[in-house]
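What follows is a single structure, written as structure tokens, with notes after it.
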Amino acid sequence: MTSPFLPADPAAPVCYDIVDSPVGRILLTGDERALAGLYLLDAGERSANVRPEWTRRAGLFPAASDQLSEYFAGARKEFDVPLAPRGTPFQLAVWAELTRIPFGSTLSYGDVAAALGKSPVASRAVGLANGRNPISIIVPCHRVIGADGSLTGYGWGVDRKEWLLRHEGVYNAADLQPTLFG
């Protein structure tokens, strides 16, 4: 399986920009090569923070900004911006698998584990990796739900997870059964 990600460059200085969205202000981080983070600034205790050593570069991520605007306007279902998240090999494998879940579809944590060739007990590890996803929305961790169809935890709050799933056409909790795809 090939990775959809560029290798992270730990020596590159981190730059950031902030864009507006229907779910709150979004903090984009990365470098000139790729987006490395997408976080929410308006999530109460779950809010991201800009670090003092980061440099603001307005307009540094035009493709990500444009594609996010298109997504929220209902005109985009897939993203194709360069991504370079930092994580363990297992986390990177989970996040790569998340990028394969189509718009408007959901999978359970166990389904993601199975897609990685792991046993059902790995669903907990998948959940932990999912929760550490640094590029929300574009790497769609919101599309992973409980095996019973429940909206389990989400870093920005379950209400935002539900909003994103409704935006993608998954309308209510009764509809949130894993939708398998080929």
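Basis for what follows: all heavy atoms, side chains included, without hydrogens, waters or symmetry-related copies. All values reported here derive from a predicted model rather than from experimental measurement.
Among residues two or more places apart in sequence or in another chain, the salt bridge (Lys or Arg N to Asp or Glu O under 4.0 Å) test is passed with Glu78 by none. For Ser69, the side chain to side chain donor-acceptor pair (under 3.5 Å) test picks out no residue, with sequence neighbours left out. With sequence neighbours excluded, no residue satisfies side chain to side chain donor-acceptor pair (under 3.5 Å) with Arg46. For Asn49, there are no side chain to side chain donor-acceptor pair (under 3.5 Å) partners two or more places apart in sequence or in a different chain. Applying the salt bridge (Lys or Arg N to Asp or Glu O under 4.0 Å) criterion to Arg51, with sequence neighbours excluded, gives no partner residue. In this structure, Ala114 has no side chain to side chain contact (heavy atoms under 4.5 Å, CB included) partners at least two apart in sequence or on a different chain. The salt bridge (Lys or Arg N to Asp or Glu O under 4.0 Å) search around Arg124 returns none, not counting sequence neighbours. Scanning for side chain to side chain contact (heavy atoms under 4.5 Å, CB included) contacts around Thr152 gives Tyr109, Ser150, Lys161, with sequence neighbours left out. By the side chain to side chain donor-acceptor pair (under 3.5 Å) test, Arg76 is found to be paired with Glu70, residues two or more places apart in sequence or in another chain being considered. For Arg25, the salt bridge (Lys or Arg N to Asp or Glu O under 4.0 Å) criterion is met by Asp42, not counting sequence neighbours.
Sorted by first then second residue, the ring-ring contact (aromatic ring centres under 6.0 Å, His included) pairs that include residues 74-106, not counting sequence neighbours, are Tyr71-Phe79.
Using a 3.5 Å distance cut-off with no hydrogens or angles, the side chains of His142 and Glu162 do not pair a donor with an acceptor.
Under a 3.5 Å cut-off, the side chain of Glu168 and the backbone N or O of Leu165 do not form any donor-acceptor pair. The backbone N or O of Val139 sits less than 3.5 Å from a side-chain atom of Asn133, completing a donor-acceptor pair. Under the 3.5 Å distance criterion, the side-chain polar atoms of Ser65 are matched with a main-chain donor or acceptor of Phe61.
Other cluster members for Tyr39: Val14, Tyr16, Ile18, Leu27, Leu41, Val50, Trp54, joined by side-chain heavy-atom distances under 4.5 Å among Ile, Leu, Val, Met, Phe, Trp and Tyr.
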